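Notes follow the structure.
All values derive from a computational prediction rather than experimental measurement.
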Amino acid sequence: MSSNDNPPSPPAQPLPSPSTFDTTTPPSQETDCPFCHISLTYPPYPPSSPPPPDSLSPTLTHPHPSTHLILSTPLLIAFLDIMPLSVGHLLLCPRAHRPKLTDVTPAESAELGKYLRILSTAVSRATGIKDWNVVQNNGAAAAQVVPHCHFHIIPRPELRDKRNERFTSTMFGRGQRDELDEEEGEKLAGEIREMVRVVVRDDEEREGRGKL
């Protein structure tokens, strides 16, 4: 059998509509994937009405590392990077296990595009940092560490800020990265969730006025 005769990969499993917040049909998961573990731990909630902080405890993912949750919808999950390149560095990924961007469904792709803008706005407001990178790696050769598709939203301090030197040297796996402080992470996650709530509600109000 030649390399051109390999059987096609199985189609990605469909997920529930993002507008329903129906959690009765669980997405496909991998038991040894840390991002799937986060997805299974935190159920979806409407971003415009986040639950109380005590129901989003970072320690719920124990014995895995703590998770500072930012967003949890039927299709997506977002959380702070545990070894951030800068303050507010977060990850956004499909809830279902999708190894690379090419494995993501059209519905997930649409939601990723929608929430990349929302999360970028929320992070910028919460941190006060006006510039940022959106980075997405596919495969080990491209510096993807966890084989579950994810986007990095990484605030960029001003060029005169010494934190920028650290960012430049570690963005693609070079140099030393520090672990996220637990107390600072919990506080920052709450602030970003609040900004997400504000941005989503502002969008909903604009859409409502547009229909009048």
Side-chain angles (χ1 to χ4, degrees), residues 18 21 23 27 33-96 111-136 145-146 148-157 161 163 166-167 170-171 177-204:
F21 284 91
T23 61
C33 173
F35 294 175
C36 287
H37 180 69
I38 294 171
S39 174
L40 289 170
T41 300
Y42 297 97
Y45 65 82
S48 58
S49 301
D54 58 356
S55 67
L56 303 176
S57 171
T59 61
L60 291 176
T61 46
H62 181 79
H64 291 263
S66 297
T67 298
H68 299 282
L69 194 73
I70 303 298
L71 179 81
S72 183
T73 77
L75 296 185
L76 308 179
I77 195 113
F79 44 91
L80 293 179
D81 194 304
I82 60 172
M83 299 188 71
L85 292 170
S86 62
V87 176
H89 179 179
L90 62 81
L91 307 181
L92 172 67
C93 60
R95 180 175 289 277
E111 283 290 283
L112 287 166
K114 172 182 176 180
Y115 279 101
L116 281 171
R117 180 192 65 82
I118 290 172
L119 290 172
S120 293
T121 304
V123 170
S124 180
R125 291 181 182 180
T127 63
I129 300 175
K130 304 304 181 183
D131 300 316
W132 65 93
N133 287 93
V134 175
V135 180
Q136 201 277 317
V145 177
V146 178
H148 183 133
C149 175
H150 56 282
F151 287 79
H152 297 258
I153 296 178
I154 314 171
R156 290 297 301 265
D161 191 323
R163 289 176 298 177
R166 175 171 169 265
F167 178 100
T170 57
M171 184 172 178
R177 295 173 64 173
D178 298 327
E179 292 185 3
L180 178 67
D181 180 84
E182 291 291 327
E183 291 186 5
E184 292 178 1
E186 191 164 4
K187 180 176 181 293
L188 179 59
E191 292 171 349
I192 299 176
R193 283 197 303 271
E194 172 60 18
M195 288 298 102
V196 169
R197 183 191 70 80
V198 171
V199 175
V200 170
R201 288 198 170 182
D202 286 348
D203 286 350
E204 291 174 347

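For the salt bridge (Lys or Arg N to Asp or Glu O under 4.0 Å) condition, no pair includes a residue of residues 124-133, sequence neighbours left out.
The structure places OG1 of T121 at 10.5 Å from CG of L116, a figure rounded to the nearest 0.5 Å. To the nearest 0.5 Å, atom CG of residue L76 and atom NE2 of residue H150 are 14.0 Å apart. The distance from the CG atom of L90 to the CD1 atom of I70 is 6.0 Å, given to the nearest 0.5 Å. Between the CG atom in L85 and the CE atom in M83 there is a gap of 9.5 Å [rounded to 0.5 Å]. The CZ atom of R156 lies 10.5 Å from the CD1 atom of I129; values are rounded to the nearest 0.5 Å. Remark: T61 OG1 to L40 CG distance equals 12.0 Å, nearest 0.5 Å.
What you find for P47 and L71 is that their closest heavy atoms are CG-CD1, 3.6 Å. Nearest heavy-atom pair across Y42 and S57 is OH-O, 2.6 Å. Contact record, P84 with H89: CA-ND1, 3.5 Å, taken as the closest heavy-atom pair. For the pair V199 and A122, the tightest heavy-atom approach, listed with the atom from each and the gap, is CG2-N, 4.4 Å. When every heavy atom of G88 is checked against every heavy atom of L188, the shortest pair comes out as N-CD2, 3.5 Å. For the residue pair T127 and V87, the shortest heavy atom distance occurs at CG2-O, 3.8 Å.
Residues satisfying the side chain to side chain donor-acceptor pair (under 3.5 Å) test with S55, not counting sequence neighbours, are none. Residues meeting the ring pair (Phe, Tyr, Trp, His ring centres under 6.0 Å) test with H68, sequence neighbours left out: none. Annotation: ring pair (Phe, Tyr, Trp, His ring centres under 6.0 Å) contacts of H64 (sequence neighbours excluded): H37. Among residues two or more places apart in sequence or in another chain, the ring pair (Phe, Tyr, Trp, His ring centres under 6.0 Å) test is passed with F79 by F35.
The backbone N or O of I77 sits nowhere less than 3.5 Å from a side-chain atom of R95 that would complete a donor-acceptor pair. Side chain of S86 to main chain of P155: a donor-acceptor pair is present (N/O by atom type, distance under 3.5 Å, no hydrogens or angles). Of the possible donor and acceptor atoms, one in the side chain of S72 sits under 3.5 Å from a partner among the backbone N and O of P43.
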What donor-acceptor contacts under 3.5 angstrom involve side-chain atoms of residues 189-197, with partners at least two apart or in another chain?
from	atom 1	to	atom 2	distance (Å)
E191	OE2	K187	NZ	2.5
R193	NH1	L69	O	2.7
E194	OE1	R197	NE	3.0
E194	OE2	R197	NE	3.3
E194	OE2	R197	NH2	2.6

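In this model, no donor atom of one side chain and acceptor atom of the other lie less than 3.5 Å apart for T73 and E111. No hydrogens or angles considered: nothing links the side chains of S124 and W132 as a donor-acceptor pair under 3.5 Å.
The shortest distance between side-chain heavy atoms of L112 and L92 falls below 4.5 Å. Side-chain contact check for T67 versus T41: every heavy-atom pair is 4.5 Å or farther apart. Under the 4.5 Å side-chain criterion, counting only non-hydrogen atoms from C-beta, H152 is not in contact with N133.
Between R117 and D203, at least one side-chain nitrogen of the basic residue sits less than 4.0 Å from a carboxylate oxygen of the acidic one, meeting the salt-bridge criterion.
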